[in-house]
There are 2 protein chains.
Amino acid sequence: MSTMQEVAKKAGVSKATVSRVLSGKGYVSEATKEQVYKAIEEAGYRPNLLARNLALNKSQCIGLVVTNTLYNGSYFSEILSQAAKKLADNGRQLILVDGKHSAQEEREAIQFLLDLRCDAVIIYPRFLTVDEMDEIIEQHKQPIMVVNRKLRKHQSHCIFCDHKGSGFLATKYLIERGHRAIAFITGSMDSPTAIERLSGYKEALNQYDIGVNDNLIAHGKWSPASGVAAVESLLAHREKFSAVVASNDEMAIGVMKKLNDLGISVPDEISIIGFDNIPTAPYLSPALSSVKDPVSEMISQVISRLIAMLDGGYLSKENIFISDLQVRNSVADGPFTAK
Amino acid sequence: MSTMQEVAKKAGVSKATVSRVLSGKGYVSEATKEQVYKAIEEAGYRPNLLARNLALNKSQCIGLVVTNTLYNGSYFSEILSQAAKKLADNGRQLILVDGKHSAQEEREAIQFLLDLRCDAVIIYPRFLTVDEMDEIIEQHKQPIMVVNRKLRKHQSHCIFCDHKGSGFLATKYLIERGHRAIAFITGSMDSPTAIERLSGYKEALNQYDIGVNDNLIAHGKWSPASGVAAVESLLAHREKFSAVVASNDEMAIGVMKKLNDLGISVPDEISIIGFDNIPTAPYLSPALSSVKDPVSEMISQVISRLIAMLDGGYLSKENIFISDLQVRNSVADGPFTAK
DNA sequence: TTGTACGCGTTATCAC
DNA sequence: GTGATAACGCGTACAA
């Protein structure tokens, strides 16, 4: 790899001049510009971005921390594709670091990115608590943005959406269509999202004066297989239900499969509603509807805000809260009506 | 951010000593070690990885280039999750760069990663030709690995699998179950994978003395919607068929949806087979089977090889060709038998 | 318009 | 054991 020094020598100028030509800053005569370009060409010169970043003390790179536990399925791909595209549009690159499966490892991942002198770090946390993140943000100069959590102190550094509201909405949707015995399948209960969706479900039942029946609540782990298992545990209680709210689409698909296998007609006998919207979902089954999880929007907005702050130096103090929820219907309302 | 110099001053030693303590190389007395650790703690010192990388001329980062056109769905997520995990296991990080949607942009993405002094670059190409990539590999000292293409010259820098064989397998699978009128839906025909799968289909028909009927071949674009459109164009020809080979699972799902909507029973009247295996596929429909695309294995193997070469300095000259194909069945063979 | 000299934060090679 | 000092490759005041 040839260096700037060598190019300078070839062109018969100093490296300061080469630098000026490359950056377009400062005055350089057309004649020497020519010389320099020619020398660059000949030498096959390429700038060393490490050196440049060191000198400028910034890297044009944004770090992203995502937990291992999310590393599969369309949710992960949505986070990543959105982040990579949006950053590329703004001339930055994405460095992905595995948050593994503990708070300590999430910490280390953030630290690593900061040590690499990333301009900023985005984390989709799983194990770090809100307070821990507030603390981390305080300790560092570089902006650290948190997706899908409501921070206590640094609200301008986070973005979140109304998971409780979406749990409420899904349940209400079924209630309004005549369902009374509505089962609920949770996600992993160590996830705030799972807890919020469950609480939305309970609130909806309460609001319509339907008692919460613990026999109608089963615990899943986000995966299709755990959806299958949850159905089994629900049926074991021999309690009737005409609808199921599954805390994400993957479990909803597992539920659908299991019910089909048992010869239970979906959605005629039992309706299913999920969350997240996996891309192929609209094609899957007229039996399955979902409440959209606005991950893409969260990522998109958080990056917009980040770029604005990196370029403009100003970070909006405004709270970002996405509450625009909607149910996507594969079909007309018909099939979801309780018989 | 405090620097090594400041830590040295605090500890009353030179920065050379601090460096020795940190790296664990060279002799340092226990007493001064203590001092240094204390100073590091007090100063809240963190090493600047940019500076370290510049001095060492390596970055512990591996670049990955993926085209925009792949940025969705489970295929993308499989590539990424596999790459990130495998690299993290080996203490390296993943930098993802958007290959956008042209050969030129794929070139630039590779160049950027090299300029960043990534230790190596992995590309899942879409637009660059095999010859162009062979040339790029020659021009650079850092290893550049190519996934899903057979290079002409640098075979040890690539990994690929038998897409033609899998197209053949899927078709043969149906033929052996009694089907004769088998429709085929291609992927985007600017993709080598799409072309190879089609040629496998044709070869299977030939081998069983079934003529290739152009009316039974429709062109899709990998998306579920294009699968729907392909079915429409097939039906427009008023040619009967009892089975469909769709060039990937997403299109297969579109096909299934469309046939269901038309009241055509799947798989009783028409059987469908796809490729790729999306994670939820086994839960979707007993009507859909797929031939697995070994992306994960390709990524995994190419990284193993890469790490071996980065750590050991030796790059195996052996050809890597994955030919272990298999059909995943959601169900027993029954439903796929032609009536 | 151009060149000199220094700084960015490390690592590594010497002497001491 | 430890401390100067020279790389690493680039940006940028400041001087000329």
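Letters A, B, ... mirror the listed sequences (proteins, then strands); counts begin at 1. Heavy atoms only: backbone and side chains are in, while hydrogens, waters and symmetry mates are out.
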Notebook entry, point to check: To the nearest 0.5 Å, what is the distance between CG (N53(B)) and CG (L49(A))?
Noted result: 12.5 Å

Note to self: What is the first contacted nucleotide of DNA chain C and what is the last, in 5' to 3' order, if contact means an atom lying under 4.0 angstrom from a heavy atom of chain B?
What the structure shows: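 Contact boundaries, 5' end first: dG9(C) to dA12(C).
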
Notebook entry, point to check: Salt-bridged, D131(A) to R152(A), with N to O below 4.0 Å?
Noted result: yes

Notebook entry, point to check: Taking protein heavy atoms under 4.0 Å as touching, what does nucleotides 9-16 of chain D look like 5' to 3' if B marks base contact, S marks sugar-phosphate-only contact and - marks none?
Noted result: BBBB----

Check: If you draw a 6.0 Å radius around NZ in K9(A), do more than 12 non-hydrogen atoms from other residues or ligands fall strictly inside?
Finding: no

Note to self: Suppose the criterion is ring-ring contact (aromatic ring centres under 6.0 Å, His included): which pairs have a residue in residues 96-118 of chain A, not counting sequence neighbours?
What the structure shows: none

Next item on the list: Using only side-chain N and O atoms of T32(B), determine if any of them is under 4.0 Å from OP1 or OP2 of dT2(D).
Entry: yes

Margin query: Tell me whether E106(B) contacts the main-chain N or O of P125(B) through its side chain, where contact means a donor paired with an acceptor under 3.5 Å.
Written below: no

Notebook entry, point to check: Is a donor on one side and an acceptor on the other found under 3.5 Å between the side chain of Q35(B) and the backbone of G12(B)?
Noted result: no

Notebook entry, point to check: With respect to V65(B), which candidate in I123(B), D98(B), I95(B) satisfies the side-chain contact (heavy atoms from CB on, under 4.5 Å) definition?
Noted result: I123(B)

Notebook entry, point to check: Looking at side-chain heavy atoms only, is the closest gap between E78(B) and S77(A) below 4.5 Å?
Noted result: no

